[in-house]
**Student:** 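Below is a structure I'd like to ask you about.
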Amino acid sequence: MSLLVVGSVALDSIYTPSDKRENILGGSAVFSAFAASFFCPVRLVGVVGEDWNPQHTAALGKQGINTEGLEVVKGGKTFRWTGKYFDNMNDRETLETQLNVLGDFKPKLPESYRRSEFIFLGNGAPSTGLEALDQLQGPGLVVADTMDLWINIAIDDLKELMRRIDGLVLNDSEAKMLTGELNTITAGKKILNYGPKFVVVKKGEHGALFMSEYEIYAVPAFPTESVIDPTGAGDSFAGAMVGYLASQGKLDTETIKKALVYGTLTASFCVEGFSLDRFQEISRKDIDARLEIFRNITQF
Ligand code: AMP
């Protein structure tokens, strides 16, 4: 089954302690869509401005991603995000966010997308997710990502969104911020009371935690030495996870655990290059090769 991905499409400028790139392809929807495309057909919904290079659309198309839902606003400017990583390559600060056309983005789902069953609402304004959901005819599984910005400035929309989704993905610090709790498990349980049936807490280099009313699964991060640019790792994790679920069309324990592992492994490739550089070099075979290594590392 295919996956519908809604989120930001960006031109990122990234500064790491040893290198920099300006105006490169990024955005939550782009990373998630690319990651998901290793597992299932993907439909993208996003917005860009006139400064958008059609070669980026071609790159998405080459990966088999349907870009019918990518709106180009005449006279508009694409969303831009600038981030700087600290020496540990884990922590970063946002230097600049220019919302531009993303600021008043009203997603318009093409007719052919409206019966999509698997939906991933990537990081973006919760109101965008709500508007996308209003245009869908009975989606089967809806998973959303969020971040501190929306917890701070759009908490009412986020609360409404949480009542309409099946799963929420967010960082450890954001789960604690959203709930006012200091413990991850307590925070996760509280989020389940807000509406989602499951929550996935991302813990960066320490892996991720899946929680539902009856289950809790933990997956470590794939140990990697080569971290060139961590941007998009969280989006890639979530995109691949939901992409794998869509490819299987079921939500049993075994499938959920494997989805968490595929999310982890796909994200481990994302950080090995700037933008989508590594994703454009690899195939599903490379991810599966890493699956075998991961099995050895984690089995006991
Ligand atoms: P991640 O590293 O997984 O947190 O994702 C980084 C990506 O999120 C970058 O490509 C940014 O363009 C995008 N991004 C950053 N801030 C926002 C925001 N407020 N809304 C939507 N996307 C964002």
Side-chain angles (χ1 to χ4, degrees), residues 5-16 21-36 44-49 51-52 56 59-60 77-86 89-105 107 120-129 132 143-154 157-158 161 169-175 200-205 208 221 227-242 263-264 266-279:
V5 176
V6 184
S8 64
V9 178
L11 294 175
D12 290 340
S13 293
I14 310 291
Y15 298 85
T16 70
R21 293 284 188 284
E22 280 164 357
N23 300 318
I24 54 176
L25 179 56
S28 60
V30 170
F31 282 111
S32 303
F34 239 82
L44 178 79
V45 174
V47 67
V48 292
D51 52 353
W52 177 250
H56 293 325
L60 293 165
K77 238 183 126 190
T78 302
F79 168 65
R80 278 158 204 263
W81 178 77
T82 305
K84 181 181 169 202
Y85 287 88
F86 297 113
M89 287 298 273
N90 245 335
D91 301 319
R92 71 181 181 206
E93 71 175 312
T94 292
L95 297 182
E96 195 183 19
T97 301
Q98 286 181 28
L99 285 179
N100 299 329
V101 291
L102 193 67
D104 33 36
F105 177 44
F120 179 63
L121 305 174
N123 187 16
S127 58
T128 305
V143 178
D145 195 338
T146 194
M147 70 182 289
D148 49 2
L149 177 71
W150 312 116
I151 298 170
N152 281 328
I153 71 166
D157 285 342
L158 184 59
L161 185 68
V169 183
L170 75 181
N171 288 336
D172 194 19
S173 59
E174 292 158 352
V200 180
V201 181
K202 297 177 284 184
K203 294 157 82 81
E205 63 175 337
V227 181
I228 304 290
D229 170 20
T231 309
D235 306 313
S236 302
F237 166 83
M241 179 187 81
V242 188
T264 300
T266 308
S268 76
F269 283 102
C270 175
V271 305
E272 292 176 349
F274 279 98
S275 184
L276 301 161
D277 290 1
R278 277 296 278 150
F279 280 169

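Whatever order the structure lists them in is the order used to number ligands and atoms, beginning at 1.
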**Student:** Under 4.0 Å from any heavy atom of Thr231, which atoms of ligand 1 are there?
**Tutor:** 2 (O), 6 (C), 9 (C), 10 (O)

**Student:** Checking Thr231 against Asp229 for the side-chain hydrogen bond (donor to acceptor under 3.5 Å, both in side chains) test, could you report, in this order, the C-alpha distance in whole Å, the side-chain angles of both residues, the deciding distance, and whether it holds?
**Tutor:** CA-CA 6 Å; Thr231 309; Asp229 170 20; 2.6 Å; yes

**Student:** For atom 23 (C) of ligand 1, which candidate among Phe31, Trp150, Phe79 provides the closest heavy atom?
**Tutor:** Phe79

**Student:** Arg92 near ligand 1, heavy-atom distance under 4.0 Å?
**Tutor:** yes

**Student:** Quick one: look up the protein heavy atom nearest atom 5 (O) of ligand 1 and list residue, atom name and how far away it is.
**Tutor:** Asp235 OD2, 2.6 Å

**Student:** What do we get for Ala125 next to ligand 1 when only non-hydrogen atoms under 4.0 Å count, side chain, backbone, both or neither?
**Tutor:** neither

**Student:** What do the steps show when you test Leu99 against Phe79 for side-chain contact (heavy atoms from CB on, under 4.5 Å), and what is the final call?
**Tutor:** CA-CA 5 Å; Leu99 285 179; Phe79 168 65; 3.8 Å; yes

**Student:** At a 4.0 Å threshold, what atoms of ligand 1 neighbour a non-hydrogen atom of Leu149?
**Tutor:** 19 (N)

**Student:** I need the atoms of ligand 1 closer than 4.0 Å to a non-hydrogen atom of Gly27, numbered in the order shown.
**Tutor:** 9 (C), 10 (O), 12 (O)

**Student:** Could you tell me, atom by atom, which parts of ligand 1 come under 4.0 Å of a heavy atom of Ala10?
**Tutor:** 12 (O)

**Student:** For atom 2 (O) of ligand 1, what's the nearest protein heavy-atom neighbour? Residue, atom name and distance, please.
**Tutor:** Gly232 N, 2.7 Å

**Student:** Going from CZ on Arg92 to OG1 on Thr82, what distance comes out if it is rounded to the nearest 0.5 angstrom?
**Tutor:** 11.5 Å

**Student:** Kindly determine whether Asp172 and Lys203 satisfy salt bridge (Lys or Arg N to Asp or Glu O under 4.0 Å), including the steps that lead there.
**Tutor:** CA-CA 6 Å; Asp172 194 19; Lys203 294 157 82 81; 3.7 Å; yes

**Student:** Using a strict cut-off of 4.0 Å, indicate which atoms of ligand 1 neighbour a heavy atom of Gly234.
**Tutor:** 3 (O)

**Student:** Pick whichever of Asp12, Ile14, Asn123, Val30 has a heavy atom sitting closest to atom 21 (C) of ligand 1.
**Tutor:** Asn123

**Student:** When you measure from atom 16 (N) of ligand 1 to every protein heavy atom, which one gives the shortest distance, and what is it?
**Tutor:** Trp81 CD1, 3.7 Å

**Student:** For atom 22 (N) of ligand 1, what's the nearest protein heavy-atom neighbour? Residue, atom name and distance, please.
**Tutor:** Ser8 OG, 2.8 Å

**Student:** Can Ser28 and Asp235 be counted as having a side-chain donor-acceptor contact under 3.5 angstrom?
**Tutor:** no

**Student:** Are Thr16 and Met89 close enough, and set up right, to give a side-chain contact (heavy atoms from CB on, under 4.5 Å), and what steps lead you there?
**Tutor:** CA-CA 7 Å; Thr16 70; Met89 287 298 273; 4.0 Å; yes

**Student:** If the cut-off is 4.0 Å to any non-hydrogen atom of Gly26, which atoms of ligand 1 fall inside it?
**Tutor:** 10 (O)

**Student:** How about Ser236 and Thr266: does a side-chain donor come under 3.5 Å of a side-chain acceptor?
**Tutor:** no

**Student:** Per the side-chain hydrogen bond (donor to acceptor under 3.5 Å, both in side chains) rule, which among Glu22, Arg21, Glu93 passes with Tyr15?
**Tutor:** Glu22

**Student:** With no hydrogens and no angle check, just 3.5 Å: does a side-chain donor-acceptor pair link Asp157 and Trp150?
**Tutor:** no

